[in-house]
Student: 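Dropping the structure in here first, questions after.
The first residue of the sequence shown is numbered 1, and numbering continues consecutively from there. Only a predicted model underlies this, so the values are computations on that prediction, with no experimental measurement involved.
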Amino acid sequence: MKQVDEIIALDGMLCFDIYAAHHAFGQVYKSLLDPLGLTYPQYLVLLLLWAGDDQTVGGIGRQLGLESSTLTPLIKRMEKNGLLLRKRDAADERRVRVSLSDKGKGLEADAAEIPSCIAKASGLSISEFRLMHDMLFKTRRALLAGGD
């Protein structure tokens, strides 16, 4: 029973460690993104569009694991701030396509150092960082699949 007690204790709970690490990462991202006038979710949308401009709202949502009801207001705010352009898909007017504005494209160079700053702030070596990433990806995939 001692092993179960150790897992249940707060300092032994993996979920708490992940929660606390998420909060710590959020603080570091905030300090890096505030000068750019971005929130973390906005940064994620921009990362996807910098990798491949002109995507559908649905496609962005699938990649980020967000519902359209969450993503649409975010994208509208980004459009209002001059970062993005929205337009109906010519082939299917039910879909909305999102592309970068000149301002949104320009932020890519300003944000280029963020990943290396995050890696450095984590205190992990590159190999540890990759291992952590792989383990969390595997864990998330299993949890979303219902623990199978």
Student: Please assess Thr72 against Val57 for the test side-chain contact (heavy atoms from CB on, under 4.5 Å), listing each intermediate value before the final yes or no.
Tutor: CA-CA 7 Å; Thr72 298; Val57 172; 4.1 Å; yes
Student: Quick one, Asp54 and Leu100 - any side-chain contact, counting heavy atoms below 4.5 Å?
Tutor: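 No, every pair of side-chain atoms sits at 4.5 Å or beyond.
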Student: Please name all residues satisfying side chain to side chain donor-acceptor pair (under 3.5 Å) with His23, sequence neighbours left out, ordered by chain then number.
Tutor: Gln27
Student: With side chains defined as the heavy atoms from C-beta onward, is the minimum distance between Leu83 and Leu38 less than 4.5 Å?
Tutor: yes
Student: Using modelled atom types only, decide if a donor and an acceptor are shared between the side chain of Trp50 and the backbone of Val45 within a distance under 3.5 Å.
Tutor: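 Such a contact is absent between Trp50 side chain and Val45 backbone.
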Student: Is there a side-chain contact between Leu85 and Ser101, using heavy atoms and a 4.5 Å cut-off?
Tutor: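 The answer is yes; the side chains approach within 4.5 Å.
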Student: Go through it in stages, so that I can follow the logic: the residues are Leu44 and Gln63, the test is side-chain contact (heavy atoms from CB on, under 4.5 Å), and I'd like the CA-CA distance, side-chain angles, deciding distance and then a yes or no.
Tutor: CA-CA 10 Å; Leu44 294 178; Gln63 291 176 83; over 6 Å; no
Student: Could you check if a side-chain atom of Thr39 sits within less than 4.5 angstrom of a side-chain atom of Leu33, using non-hydrogen atoms only?
Tutor: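 With C-beta onward as the side chain, the pair stays apart.
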Student: Would you say that Leu48 contacts Gln55 through its side chain, given a criterion of any heavy-atom pair below 4.5 Å between the two side chains?
Tutor: yes
Student: Just so I know, are the side chains of Lys105 and Leu49 near enough to count as touching, which here means a heavy-atom distance under 4.5 Å?
Tutor: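 Side chain of Lys105 against side chain of Leu49, heavy atoms only: no contact under 4.5 Å found.
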Student: Just by modelled atom types, is the Ser125 backbone N or O under 3.5 Å from a matching donor or acceptor in the Glu128 side chain?
Tutor: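 A pair under 3.5 Å: yes.
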Student: Name every donor-acceptor pair, under 3.5 Å, that has one atom in a side chain of residues 106-116 and the other anywhere in the protein, sequence neighbours excluded.
Tutor:
unit_1	atom_1	unit_2	atom_2	d
Glu113	OE1	Ser116	OG	3.3
Ser116	OG	Glu113	O	2.9

Student: Give a yes or no on whether the backbone of Val28 and the side-chain of Ser31 come within a donor-acceptor separation of less than 3.5 Å.
Tutor: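 Flag set: sc Ser31 to bb Val28 pair under 3.5 Å.
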Student: May I ask you to decide if the ring planes of His133 and Phe137 are parallel, tilted or perpendicular, using 30° and 60° as cut-offs?
Tutor: parallel
Student: Is the number of heavy atoms from other residues, nucleotides or ligands under 6.0 Å of Arg95 CZ greater than 12?
Tutor: yes
Student: Less than 4.5 Å apart, any side-chain heavy atom of Thr139 and any of Leu14?
Tutor: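 Result no, sub-4.5 Å side-chain heavy-atom pair not found.
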Student: Is there a side-chain contact between Leu66 and Ile60, using heavy atoms and a 4.5 Å cut-off?
Tutor: no
Student: Kindly say whether Tyr40 contributes a backbone atom to a donor-acceptor pair with the side chain of Lys30 at under 3.5 angstrom?
Tutor: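 Checking the backbone N and O of Tyr40 against the side chain of Lys30, no donor-acceptor pair under 3.5 Å is found.
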Student: Cluster partners of Met135, using ILVMFWY side-chain heavy atoms under 4.5 angstrom, listed by chain and number?
Tutor: Leu131
